[in-house]
Number of protein chains: 2
Amino acid sequence: MSDLLERLRGRGWRMTAQRRVVAEVLDGEHVHLTADEVHARAVAKLPEISRATVYNTLGELVSLGEVLEVATDKRAKRYDPNAHRPHHHLVCAQCGAIRDVHPTGNPLADLPDTERFGFTVSDVEVTYRGVCPNCAAA
Amino acid sequence: MSDLLERLRGRGWRMTAQRRVVAEVLDGEHVHLTADEVHARAVAKLPEISRATVYNTLGELVSLGEVLEVATDKRAKRYDPNAHRPHHHLVCAQCGAIRDVHPTGNPLADLPDTERFGFTVSDVEVTYRGVCPNCAAA
DNA sequence: TCCTACAATGGACATTGTCTAAGTCAAGCA
DNA sequence: TGCTTGACTTAGACAATGTCCATTGTAGGA
């Protein structure tokens, strides 16, 4: 079973069927589902799960730092379970496919003090956009 | 008057009071309004302008490349008229304030071929997050 | 000035997300 | 094992943002 469930239990998270299902749906590499997609897949495993529970659970996973919210799509938030390895995203402008990528260099270092306007900068989010091989072939 | 209106007219854009008002609202540096804010300000100048028109006009300005859509906020799209000077964004995690910034270096070059998965990468969007001086003082 | 294609209107609808009141249940404990 | 309790879940109303469409209005050319 997934490490995620272990970690959550270790943190005193009360385990319920609903939470287990949501955690199971969010498992694997290059998984970037919208809340609605998570709900759809959760319903397939546990038909009576409600939308509110999915939203609540996703929100908790995010505040626990186990899942990342990413805003590559402009419509809906997406949830990325790959929270323990810093990475950025590569998005196909046509079909919306998303890949995790690991650029070299540190973009934080590229922002000189004069461009910080007194902000305390703690984080950076990079989204590359392009066309994926499938769409390029079509 | 603004260059924007000149450019649009030069492209054969049909000029109407509504479009003029939207273009006027979107003028200046560090302007990052939501569609709703644009509508509110447009209504102040032209009370009978409708929401649909604001959305349509914003959409057209974006496809003409005169305005950028930015997704710094997770709720609503924001519109950035500073489309002719490439730049990125610095966002306050607390109050949501947004500044345009110009990092050194080219993040596109930081993505090695092995991390491109066959994509043709054409664009990169960088969002720095931190705390602004106002919020830090509070 | 008149025409006509294009733009604007307003209101219904769609999508995404949040909230609440009431019912349910996991986990600790005797 | 069987309570107890507080956290969890539910359904559905509501809110915010965005889209669509049929109708009405109008900018700009003939």
Side-chain angles (χ1 to χ4, degrees), chain A residues 5-6 8-26 32-43 45-64 66-80 96, chain B residues 1 5-6 8-26 32-64 66-80 96:
Chain A
L5 290 177
E6 284 311 308
L8 293 173
R9 198 183 287 275
R11 295 208 201 186
W13 217 47
R14 183 163 150 186
M15 191 50 57
T16 67
Q18 292 80 355
R19 289 176 166 191
R20 184 174 9 259
V21 165
V22 170
E24 281 171 6
V25 166
L26 283 174
H32 305 89
L33 299 169
T34 63
D36 217 48
E37 287 164 350
V38 172
H39 180 235
R41 297 192 188 196
V43 163
K45 297 182 178 213
L46 186 69
E48 58 279 6
I49 195 172
S50 80
R51 238 157 42 90
T53 298
V54 171
Y55 277 101
N56 289 341
T57 306
L58 288 173
E60 281 165 37
L61 288 171
V62 169
S63 30
L64 289 172
E66 294 291 346
V67 164
L68 294 178
E69 258 178 29
V70 298
T72 56
D73 187 307
K74 292 196 167 129
R75 275 215 314 282
K77 296 177 195 170
R78 290 181 174 273
Y79 294 88
D80 182 344
Chain B
M1 192 63 340
L5 291 178
E6 284 310 307
L8 294 173
R9 198 184 285 276
R11 295 207 201 186
W13 216 46
R14 186 161 148 184
M15 191 50 58
T16 66
Q18 290 81 354
R19 288 176 167 192
R20 182 171 15 255
V21 165
V22 171
E24 282 170 7
V25 167
L26 284 173
H32 305 90
L33 300 169
T34 64
D36 219 48
E37 288 163 350
V38 172
H39 180 233
R41 298 194 187 194
V43 163
K45 297 183 179 214
L46 187 69
E48 59 278 7
I49 193 171
S50 81
R51 236 158 44 90
T53 297
V54 170
Y55 276 101
N56 288 342
T57 305
L58 288 172
E60 281 166 37
L61 288 171
V62 169
S63 28
L64 289 171
E66 294 292 345
V67 164
L68 294 177
E69 256 178 31
V70 298
T72 55
D73 186 308
K74 290 192 168 131
R75 275 215 315 283
K77 296 177 195 169
R78 291 183 173 272
Y79 293 88
D80 182 344

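This one's a predicted model, so the numbers in the text were calculated from it and none came from an experiment. In what follows, chains carry the letters A, B, and so on, assigned in the order in which the sequence lines appear, proteins first and then strands, with residues in each chain numbered from 1.
In this structure, the side chains of B/Val38 and B/Thr57 stay at 4.5 Å or more apart for every pair of heavy atoms. Between B/Glu48 and B/Leu46, the closest side-chain pair of non-hydrogen atoms falls below 4.5 Å. At least one side-chain heavy atom of B/Leu8 sits under 4.5 Å from a side-chain heavy atom of B/Leu61. No side-chain heavy atom of A/Val54 sits under 4.5 Å from any side-chain heavy atom of A/Val43. Put simply, the side chain of B/Tyr79 does not reach to within 4.5 Å of the side chain of B/His32, judged on heavy atoms.
Side-chain atoms of A/Ala35 lie closest to C/dG17 of the nucleotides D/dC20, D/dT9, C/dG17. With D/dG28, D/dT10, C/dT9 as the candidates, the nucleotide lying closest to the side chain of A/Ser50 is D/dT10. Side-chain atoms of A/Met15 lie closest to C/dA27 of the nucleotides C/dT9, D/dT10, C/dA27.
Rounded to an integer number of Å, the gap from B/Leu8 CG to D/dA27 P is 17 Å. Here C/dT18 presents its P atom at 13 Å from CD of A/Glu60, a figure rounded to the nearest Å. Straight-line distance from the CD atom of B/Glu48 to the P atom of C/dA7: 19 Å, rounded to whole Å.
Note on A/Arg19: every side-chain N or O is 4.0 Å or more away from OP1 and OP2 of D/dA7.
Judged by distance alone with a 3.5 Å cut-off, a donor-acceptor contact links the side chain of A/Arg14 to the base of C/dC25.
Nucleic acid contact for A/Thr16: sugar-phosphate only, since backbone atoms but no base atoms lie under 4.0 Å from a heavy atom of the residue.
Of the two residues near DNA chain D, B/Arg9 and B/Tyr79, the one whose nearest nucleotide lies more 5' is B/Tyr79.
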Would you list the protein and nucleotides 15-17 of chain D atom pairs, both N or O, that sit under 3.5 Å from each other?
unit_1 : atom_1 : unit_2  : atom_2 : d
D/dT17 : OP1    : B/Arg75 : NE     : 3.2

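Side chain of B/Arg20 to main chain of B/Leu5: no donor-acceptor pair is present (N/O by atom type, distance under 3.5 Å, no hydrogens or angles).
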